Amino acid sequence: MDRVEEYRNILYKILEAHHRIPFGHGEIESKFIVDRDRNNFVLMNAGWDGDRRIHGCVVHVEIIEGKIWIHRDGIEDGITDELVAAGVPKENIILAFHPPYMRQHTGYGIS
C-alpha cells in the first residue's frame, strides 16, 4: 500500500471515531466529509444548542505531496498524537494552522 492510501485510511479511522462521539447537549450532529479523490477530510458540527445555531469546521486535514497538512484542529486533545501513534512520522505532519516561520519550532514537519 502506498503512503497516500495508508494516510487516507489512518485519517478515516481516526476521524470516524471522533465523528461517532455523541453530543451531551443540544441537537448537534457531527458531519464527516471525505473527498478521497482530492485527499480532503473534514469533520464539522451542525445543529442547535438551545437558540444558538452551531455550524462550523472542527477538523480539516489534507494530504499534499505525501504529507498530512492539518489546516484546522478543534479536537480537544488534537489529532497529532493519534497520527503519530498510528505510525505517521512527525516530519510528515504539517501544522498548517501555524505560520510557516513558526513550524520549525513545533517538532513537526515544516512543509
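The shown structure was predicted, so the numbers you read here are calculated from the model rather than taken from an experiment. Heads up: numbering here begins at 1 and tracks the sequence.
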Participant: Could you state the interatomic distance from CD1 (Ile64) to CZ (Arg38), rounded to the nearest 0.5 Å?
Facilitator: 14.0 Å

Participant: Should Val84 and Phe97 be regarded as members of a common hydrophobic cluster, given that ILVMFWY residues are connected when their side-chain heavy atoms come within less than 4.5 Å of each other, either directly or indirectly?
Facilitator: yes

Participant: Among residues at least two apart in sequence or on other chains, which ones pass side chain to side chain contact (heavy atoms under 4.5 Å, CB included) with Val59?
Facilitator: Leu15, Leu43, Val61, Asp73, Ile75, Ile79

Participant: Restricting to ring-ring contact (aromatic ring centres under 6.0 Å, His included), what partner residues turn up for His71, sequence neighbours left out?
Facilitator: His60

Participant: side-chain contact (heavy atoms from CB on, under 4.5 Å) for Phe41 and Ile63? Distances and angles first, verdict last.
Facilitator: CA-CA 9 Å; Phe41 300 79; Ile63 301 170; 4.2 Å; yes

Participant: Rounded to the nearest 0.5 Å, what separates atom CG in Asn45 from atom CZ in Phe23?
Facilitator: 3.5 Å

Participant: My understanding is that only residues two or more places apart in sequence, or in another chain, count here; which of them pass side chain to side chain contact (heavy atoms under 4.5 Å, CB included) with Lys13?
Facilitator: none

Participant: Shared ILVMFWY cluster between Leu83 and Tyr108, side chains joined below 4.5 angstrom?
Facilitator: yes

Participant: Would Val42 and Cys57 count as a side-chain contact (heavy atoms from CB on, under 4.5 Å) here? Give the steps.
Facilitator: CA-CA 7 Å; Val42 176; Cys57 176; 4.3 Å; yes

Participant: Rounded to the nearest 0.5 Å, what separates atom CG in Asp2 from atom OH in Tyr7?
Facilitator: 10.5 Å

Participant: What pairs of residues pass the salt bridge (charged side-chain N to carboxylate O under 4.0 Å, His left out) test when at least one of them lies in residues 16-30, not counting sequence neighbours?
Facilitator: Glu16-Arg20, Glu29-Lys31

Participant: Are Ile14 and Tyr12 grouped together when hydrophobic residues (ILVMFWY) are joined by side-chain heavy atoms under 4.5 angstrom apart?
Facilitator: yes

Participant: Tell me, please, which residues at least two apart from Arg36 pass side chain to side chain donor-acceptor pair (under 3.5 Å).
Facilitator: Glu5, Asn9

Participant: Are the side chain of Arg8 and the backbone N or O of Asn39 linked by a donor-acceptor pair below 3.5 Å?
Facilitator: no

Participant: Could you measure the distance from the CD1 atom of Ile94 to the CD atom of Glu62? Nearest 0.5 Å is fine.
Facilitator: 12.0 Å

Participant: Any chance you could measure Ile68, atom CD1, to Leu11, atom CG, to the nearest 0.5 Å?
Facilitator: 4.5 Å

Participant: Would you compute the distance between atom NZ of Lys67 and atom CZ of Arg3 and round it to the nearest 0.5 angstrom?
Facilitator: 7.5 Å

Participant: Can you sort out the partners of Glu91 under side chain to side chain donor-acceptor pair (under 3.5 Å), two or more places apart, ordered by chain and number?
Facilitator: none

Participant: Determine, stepwise, if the pair Ile70 / Ile93 fulfils side-chain contact (heavy atoms from CB on, under 4.5 Å).
Facilitator: CA-CA 7 Å; Ile70 302 172; Ile93 301 170; 3.7 Å; yes

Participant: Take His18 and Val58 through the test side-chain contact (heavy atoms from CB on, under 4.5 Å) and record every step on the way to the result.
Facilitator: CA-CA 10 Å; His18 285 280; Val58 178; over 6 Å; no

Participant: Under a single-linkage definition using a 4.5 Å side-chain heavy-atom cutoff for Ile, Leu, Val, Met, Phe, Trp and Tyr, are Val34 and Ile10 assigned to the same hydrophobic cluster?
Facilitator: yes

